[in-house]
Student: 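Sharing a structure here in structure tokens format.
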Amino acid sequence: MIIAVDGPTASGKGTIAKALAAHFGLPHLDTGLLYRAVGRQTALNGGDPDREADALAGCAFDDALLADPELRSETSGGLASRVSIHPAVRRALFERQRAFATQPGGAILDGRDIGTVIAPEATAKLFVTASVAARATRRFREMQAQGGTASLDDIAADLAARDLRDSTRKDAPLIAAADALLLDTSELGPQQAIAAAIALVEARLTPA
Ligand code: C5P
């Protein structure tokens with residue numbers, strides 16, 4: 001069984017994917033982390049994330065980089081959003097994600113194009129959304145808890161810019177698959193969002 005969880009930044013898709021993995025006993029891959037590693041490696045190489053050749057060179061990151069806490073920063077998220085535009089980068093990361101998705105026993109992947117490109121045959125596809133205001137507030141609280149100083153307005157502007165880049169790129173844009181189950185978490189706390197996601201997937205698994 002493959003479960004695809006797609007959606008924009010701070011929609012809650014990562015929390016939901018982790019909880020679904022625990023609930024269904026499946027391995028989980030956060031595919032955003034791969035793009036973040038490419039962005040960070042490109043920067044470490046002194047490359048330009050907007051140049052396809054530089055971003056492609058960043059795909060040769062050492063797997064140890066995936067454990068670097070710096071990948072969780074807003075800077076790495078912004079770099080990821082820029083390198084992920086390039087078709088060569090998406091191709092370079094395709095096989096790794098595809099192999100994870102098709103491993104015996106099944107898997108859960110979260111990202112932007114899991115239900116549309118990486119695993120179009122997924123058993124259940126969730127598209128998790130939330131308003132920009134709700135997502136910006138969540139991110140603001142997280143950052144404040146970590147001692148960050150960015151304003152709510154700056155975070156909202158950054159999220160909106162990233163959404164625009166992700167959803168208007170030519171290759172694998174952020175869009176819900178036609179057969180995706182939509183989950184809007186704007187008004188839900190984490191536990192409510194997790195319960196709603198489990199209910200949606202279980203309904204999909206139960207023959208009508
Ligand atoms: O999900 P996360 O915020 O970690 O993703 C960082 C960036 O990586 C996204 O803004 C998006 O541009 C890119 N990404 C992607 N395809 C994926 C996962 C992430 O293009 N499957």
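The figures that follow rest on heavy atoms only: side chains count, while hydrogens, waters and symmetry mates do not. Both counts, for ligands and for their atoms, begin at 1 and track the order of listing.
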Student: Tell me the protein heavy atom at minimum distance from atom 10 (O) of ligand 1, and give that distance in Å.
Tutor: Asp166 OD2, 2.9 Å

Student: For atom 7 (C) of ligand 1, what's the nearest protein heavy-atom neighbour? Residue, atom name and distance, please.
Tutor: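 Nearest neighbour among protein heavy atoms for atom 7 (C) of ligand 1, to 0.1 Å: Ala80 CB, 3.6 Å.
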
Student: Which of these, Arg162, Arg112, Arg90, has its nearest heavy atom closest to atom 20 (O) of ligand 1?
Tutor: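 Nearest heavy atom to atom 20 (O) of ligand 1 lies in Arg90.
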
Student: Using a 4.0 Å heavy-atom threshold (strictly under), name the region of Arg165 that reaches ligand 1: side chain, backbone, both or neither.
Tutor: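 None of Arg165 does.
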
Student: Hey, does the side chain of His86 reach the backbone of Pro49 with a donor-acceptor pair shorter than 3.5 angstrom?
Tutor: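 Confirmed, His86 side chain pairs with Pro49 backbone.
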
Student: Give yes or no for whether the N/O distance cutoff of 3.5 Å, strictly under, is met between Asp110 and ligand 1.
Tutor: no

Student: Pick whichever of Gly32, Gly14, Ala10, Ala172 has a heavy atom sitting closest to atom 19 (C) of ligand 1.
Tutor: Gly32

Student: If you count the atoms of ligand 1 from 1 in the order shown, which ones are under 4.0 Å from a heavy atom of Thr9?
Tutor: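 Once the distances to Thr9 are compared, the set is 3 (O).
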
Student: Among all protein heavy atoms, pick the one closest to atom 8 (O) of ligand 1 and tell me residue, atom and distance.
Tutor: Tyr35 CB, 3.5 Å

Student: For ligand 1, is any non-hydrogen atom under 4.0 Å from Ser84's backbone (N, CA, C, O), its side chain (CB onward), both, or neither?
Tutor: side chain

Student: State whether the side chain of Ser76 and the backbone N or O of Arg40 hold a donor-acceptor pair below 3.5 Å, judged by distance alone.
Tutor: no

Student: What are the atoms of ligand 1, with element, lying closer than 4.0 Å to any heavy atom of Lys13?
Tutor: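 That gives atoms 1 (O) of ligand 1.
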
Student: Compute whether any side-chain donor of one residue and acceptor of the other, for Tyr35 and Arg112, lie under 3.5 angstrom apart.
Tutor: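 Looking only at side-chain atoms, Arg112 and Tyr35 do not form any donor-acceptor pair under 3.5 Å.
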
Student: Quick check: does any side chain N or O of Asp6 sit under 3.5 Å from a backbone N or O of Asp113, one acting as donor and the other as acceptor?
Tutor: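 It does hold such a pair.
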
Student: Go through the steps to decide whether Glu52 and Ile85 satisfy the test side-chain contact (heavy atoms from CB on, under 4.5 Å), and finish with yes or no.
Tutor: CA-CA 9 Å; Glu52 186 157 36; Ile85 279 186; over 6 Å; no

Student: Tell me, which protein residue and heavy-atom name are nearest atom 3 (O) of ligand 1, and how many Å apart are they?
Tutor: Arg36 NH2, 3.0 Å

Student: For atom 18 (C) of ligand 1, what's the nearest protein heavy atom and its distance?
Tutor: Thr31 OG1, 3.5 Å

Student: Show which atoms of ligand 1 fall inside a sub-4.0 Å distance from at least one heavy-atom site of Gly111.
Tutor: 18 (C), 21 (N)

Student: Within the 3.5 Å criterion, strictly below it, is a donor on Asp184 or Ser186 matched to an acceptor on the partner's side chain?
Tutor: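 Their side chains do contain a donor-acceptor pair, which is all the 3.5 Å distance test asks for.
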
Student: How about Glu187: does its CD atom have over 12 heavy atoms from other parts shown lying under 6.0 Å from it?
Tutor: no

Student: Closer than 3.5 angstrom, by distance alone: can the side chain of Ser81 be matched with the main-chain N or O of Gly77 as a donor-acceptor pair?
Tutor: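 Not at all, since once roles are kept as given, no pair shorter than 3.5 Å links the two residues.
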
Student: Could you tell me whether Arg72 approaches ligand 1 through its side chain, its backbone, both or neither, with non-hydrogen atoms closer than 4.0 Å?
Tutor: neither

Student: Is it true that a side-chain atom of Lys18 and a backbone atom of Lys13 form a donor plus acceptor pair closer than 3.5 Å?
Tutor: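 Answer holds: no.
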
